[in-house]
Visitor: 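Please find one structure pasted underneath; my questions will follow.
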Amino acid sequence: MQIKQVSQAFISIVKSAINGTKLLKSVREQLTDEFLVDLFKISNFHDLAHIVSYKLTKEGIALPESFIKKENLAKYRFGIHDFETERIKSEFEEEKVAYFILKGATIRSVYPEQYLRTSCDIDVLVKKEDVKKAEEIIIKKIGAKLLEEKQHDNLYQTESGVNIELHFSLGYTENAKKLLNLAWKSGEKVFGEYGLKMPDELLNAYLIFHMANHFKGGGCGVKVFMDLHLLRKNKGFNAKTGEEYIKEIGLDKFSEYAYALADYWFNGGESNQTITEMEKFVIGGGVYGTLQQKTQVESSKTDSNYYKRRIFLPFSEMKSRYRKLEKYPILLPYYTLKRWFSLLSGRKRKVIKQEIKYKKNFTDDKLQQTDALLKELGINL
């Protein structure tokens, strides 16, 4: 089965699902047993098999059990995430800690059914001075355990198995800092006195920012384009204000192409060579991007040596991994050695071997095309 044919059918089904339109006859006619196997693979690769199940079931099309299980799982995930989100809101309100709930938990209200917008984590943003108090709430009141501590967020897991990411920064670039300041400046009270929400126009800018970061890492998935499409057509969305926010964080060029691809997929928009290349990259990367595409992006940089850069990470990236470097940069040699020793672990060693294999197999033409695409999109690596 041709990948392009299955990908086109996948996007068409998702379009029908989120727009509430009838499935195209041409797509329906392709849905043989063999085709459905490939359709499940690509939709599951993007964590969207449940949306395909939702739409095709509504159309009266019999599906393999694999689709049904994914839709039931999505309903369960929504239920347990919603329960834990309400606990977070209640406990943070009681302790008088200002916070934002980010990404999926905020955007799902614009979907036809809220469970259709799945999330892997509950993302909570607090002020840096409130981190300790927020940690106490999550550990002592929510009953979650700390899994990982990173530079600008901590990862916890509740007894129900839901991951909570506690953010106090959106990154260390100037644009990330601008976005964070805009959030605290314009946040709207929607959950009591302390629960805040970004205005839709700023949420749109945050999605673009998040998408661009994941694009650098090898892919961002189809889901965020669905978010953009539904958010921008939501009642009351002010496109002019949205563009002003985008310009403030320096992603106006990238946003134009992101909107164009979303429009091409879900609103009958036109395509061009750049959109086609962007589409291939997004479809090929799955939800979070693949190691192959991440290596492809890293290898496409023409201004420095790939292996040197991978061995000696930029200080900005080291800070994102080791929190103490922000306050004590003199510890860089120690954390560099610590990172090198961690790379000797079994799993990481296998990843490095695979990365080197990918690197060796890339042709110069492929890397030049990738570099040209990223520059055209306005992505600064």
Side-chain angles (χ1 to χ4, degrees), residues 121 123 128 131 146-155 165-180 209-221 249-251 254 281 285-362 364 366-368 370-371 373-375 377-381:
D121 312 304
D123 293 271
K128 195 167 185 177
V131 169
L146 178 65
L147 296 182
E148 186 179 2
E149 193 175 76
K150 294 181 285 186
Q151 176 59 20
H152 50 80
D153 64 74
N154 292 342
L155 179 64
E165 281 195 358
L166 178 65
H167 302 261
F168 41 91
S169 167
L170 298 176
Y172 289 93
T173 64
E174 287 304 310
N175 287 335
K177 292 175 182 177
K178 287 179 184 178
L179 183 59
L180 184 66
F209 172 81
H210 189 67
M211 180 192 294
N213 283 339
H214 275 283
F215 212 91
K216 296 176 189 178
C220 57
I249 61 171
L251 288 171
F254 179 75
F281 192 84
V287 182
Y288 300 114
T290 62
L291 177 63
Q292 182 174 2
Q293 289 198 170
K294 181 179 180 180
T295 307
Q296 181 180 325
V297 169
E298 288 287 334
S299 301
S300 71
K301 297 177 183 177
T302 57
D303 59 344
S304 60
N305 182 278
Y306 172 81
Y307 292 109
K308 181 180 177 181
R309 190 174 60 252
R310 294 295 289 127
I311 294 170
F312 298 98
L313 292 182
F315 183 64
S316 59
E317 192 168 338
M318 287 294 289
K319 283 195 302 181
S320 73
R321 298 185 182 212
Y322 303 105
R323 187 176 298 179
K324 286 188 178 180
L325 283 175
E326 179 71 17
K327 192 173 182 180
Y328 305 107
I330 196 172
L331 293 176
L332 179 60
Y334 165 74
Y335 282 110
T336 297
L337 287 172
K338 183 176 180 179
R339 174 178 170 267
W340 287 350
F341 279 111
S342 74
L343 296 177
L344 297 176
S345 66
R347 191 185 73 82
K348 289 186 178 179
R349 190 164 61 245
K350 289 179 181 178
V351 171
I352 291 171
K353 286 181 179 179
Q354 187 61 57
E355 182 179 338
I356 293 172
K357 184 178 178 181
Y358 286 141
K359 164 67 176 171
K360 289 179 177 178
N361 288 335
F362 291 135
D364 289 341
K366 182 67 174 177
L367 296 180
Q368 288 171 8
T370 303
D371 184 54
L373 173 63
L374 296 172
K375 287 178 178 176
L377 296 177
I379 292 180
N380 181 12
L381 297 173

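This is a predicted model, so every value here is computed, not measured.
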Visitor: With a 4.5 Å cut-off on side-chain heavy atoms, are Glu355 and Glu298 touching?
Guide: no
Visitor: Other residues, nucleotides and ligands only: do more than 12 of their heavy atoms fall within 6.0 Å of OH on Tyr328?
Guide: no
Visitor: Could you pull out the closest heavy-atom pair between Leu146 and Asn154, with the gap in Å?
Guide: CD1-CB, 4.1 Å
Visitor: Got a second to check how far Thr173's OG1 is from Asn213's CG, nearest 0.5 Å?
Guide: 7.0 Å
Visitor: Counting C-beta onward and ignoring hydrogens, is there a side-chain heavy-atom pair between Gln292 and Thr295 closer than 4.5 Å?
Guide: no
Visitor: Return the minimal non-hydrogen interatomic distance between Lys338 and Tyr322, and the atom names on each side.
Guide: CD-CE2, 4.2 Å
Visitor: How many angstroms lie between CG in Leu179 and CD1 in Ile249, if you round to the nearest 0.5 Å?
Guide: 5.0 Å
Visitor: Would you name the heavy atoms of Leu377 and Phe215 that are closest together and state the gap between them?
Guide: CD1-CE2, 3.6 Å
Visitor: For Lys294, I'd like to know if atom NZ has over 12 heavy atoms of other residues, nucleotides or ligands within 6.0 Å.
Guide: no
Visitor: Nearest 0.5 Å, please: how far is CZ in Phe362 from OG1 in Thr370?
Guide: 7.5 Å
Visitor: Search all heavy atoms of Leu367 against all heavy atoms of Gln296 and return the closest pair with its distance.
Guide: CD2-O, 3.8 Å
Visitor: For the pair Asp153 (side chain) and His167 (backbone), establish whether a donor and an acceptor sit closer than 3.5 Å, ignoring hydrogens and angles.
Guide: no
Visitor: Which pair of heavy atoms, one from Asp121 and one from Leu155, lies closest together, and at what distance?
Guide: OD1-CD1, 4.5 Å
Visitor: For Leu337, look at atom CG and say whether over 12 heavy atoms of other residues, nucleotides or ligands are found less than 6.0 Å away.
Guide: yes
Visitor: Would you check if the side chain of Ser300 reaches a backbone N or O of Val297 as a donor-acceptor pair within less than 3.5 Å?
Guide: yes
Visitor: Quick one: pull up OG1 in Thr336 and CZ in Phe315 and give me the separation to the nearest 0.5 Å.
Guide: 9.5 Å
Visitor: With rounding to the nearest 0.5 angstrom, report the CG to NZ distance, Leu313 to Lys319.
Guide: 13.5 Å
Visitor: Rounded to the nearest 0.5 Å, what separates atom CG in Asp364 from atom CG in Asp371?
Guide: 12.0 Å
Visitor: Which one of Tyr334, Tyr335, Phe312 satisfies the ring pair (Phe, Tyr, Trp, His ring centres under 6.0 Å) criterion with Trp340?
Guide: Phe312
Visitor: Which heavy-atom pair separates Gly285 from Gln293 by the least distance, and what is that distance?
Guide: CA-NE2, 3.5 Å
Visitor: Between Asn175 and Lys178, is a side-chain contact (heavy atoms from CB on, under 4.5 Å) present by the stated rule, with each step listed?
Guide: CA-CA 5 Å; Asn175 287 335; Lys178 287 179 184 178; 4.2 Å; yes
